[in-house]
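Following: one structure in structure tokens, then a few remarks.
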Amino acid sequence: QVQLVESGGGLVQAGGSLRLSCEASRSTSSAMGWFRQAPGKEREFAATISWSGTSTYYADSVKGRFTISRNNAKNTVYLQMNSLKPEDTAVYYCAGRDTSRLTSTNQEDYVYWGQGTQVTVSS
């Protein structure tokens, strides 16, 4: 079993930046993703990265503003969020696939989930 722990959330003004981190309890060879859930809404896909880091994919709503990356030596995945908007306010979850190294936008493909970290963007 792999535990995922997110950090880096907080309160920021619109136009600001935050970097989220997700540390895994052990090394994995799987693709990782970030999802988010805004108040009163369903959880949605934000970004995903392959195990090698060479393949990434973003939701249209964050493309050009967010960057996902990973450091496999540190068992950590990052989400750099720039030009934040109030509509980015949500709980952000890190997730890992089981054995696949390929990216996915589907929540059902992920088996490991963190507890979430709150991101609040004020206008």
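A quick note: this is a predicted structure, and the numbers were derived from the prediction, not measured. Sequence positions, counted from 1, serve as the residue numbers for this chain.
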Using modelled atom types only, decide if a donor and an acceptor are shared between the side chain of Y58 and the backbone of I68 within a distance under 3.5 Å. yes
Starting from Y92, can I reach M32 by hopping between I/L/V/M/F/W/Y residues whose side chains sit under 4.5 Å apart? yes
Less than 4.0 angstrom from a charged side-chain N to a carboxylate O is my criterion; do D60 and K63 meet it? yes
Below 4.5 Å, heavy atoms only, C-beta onward: do V91 and F35 meet side chain to side chain? no
Strictly distance-based, threshold 3.5 Å: is any side-chain N or O of R19 a donor or acceptor partner for the main-chain N or O of Y78? no
Inter-residue atom distance L4.CG - Q115.CD, 0.5 Å rounding: 9.0 Å
Looking only at heavy atoms, what is the nearest atom pair of S30 and D98, with distance? CB-O, 3.8 Å
Closest non-hydrogen atoms of E23 and K74, given as atom of the first, atom of the second and distance, are CG-O, 4.2 Å
Treat each ILVMFWY residue as a node, draw an edge where side-chain heavy atoms are under 4.5 Å apart, and state whether V62 and I49 are in one component. yes
Do the side chain of E6 and the main chain of G116 share a donor and acceptor less than 3.5 angstrom apart? yes
If you round to the nearest 0.5 Å, how far is SG of C22 from CG of N75? 10.0 Å
Please name the pair of heavy atoms, one in Y57 and one in F45, separated by the smallest distance, quoted to 0.1 Å. O-CZ, 3.5 Å
Linking I/L/V/M/F/W/Y whenever their side-chain heavy atoms sit closer than 4.5 Å, directly or via other members, would L79 and V119 fall into one cluster? yes
So which of T103, L102, V111 actually passes side-chain contact (heavy atoms from CB on, under 4.5 Å) with R97? L102
If we ignore hydrogens and angles and just use 3.5 Å, is the side chain of N72 paired with the main-chain N or O of S52 as donor and acceptor? no
Which heavy atom of A24 sits nearest a heavy atom of V2, and at what distance? CB-CG1, 4.0 Å
For E44, the option from R36, Q37, Q107 that meets side-chain hydrogen bond (donor to acceptor under 3.5 Å, both in side chains): R36
Pairwise distance OH(Y112) to CD(Q3) - rounded to 0.5 angstrom: 9.5 Å
Within the distance-only criterion (no hydrogens, no angle test), does the side chain of Y110 pair as donor or acceptor with the backbone N or O of W34 below 3.5 angstrom? no
dist R70:CZ -> S21:OG (nearest 0.5 Å) comes out at 13.5 Å
T89 (side chain) donor-acceptor with V121 (main chain) under 3.5 angstrom: yes
Closest heavy-atom contact between L18 and V12? CD1-CG1, 4.0 Å
Less than 3.5 Å apart, any donor N or O on the side chain of N82 or S17 sitting next to an acceptor on the other? yes
Taking the side chain as C-beta and beyond, is there a heavy-atom pair between R101 and S50 under 4.5 Å? no
Mark yes or no for whether N106, through its side chain, and D109, through its backbone, hold a donor-acceptor pair below 3.5 Å. no
Which pair of non-hydrogen atoms, one from A14 and one from S123, has the smallest distance, and what is that distance? CB-CA, 4.4 Å
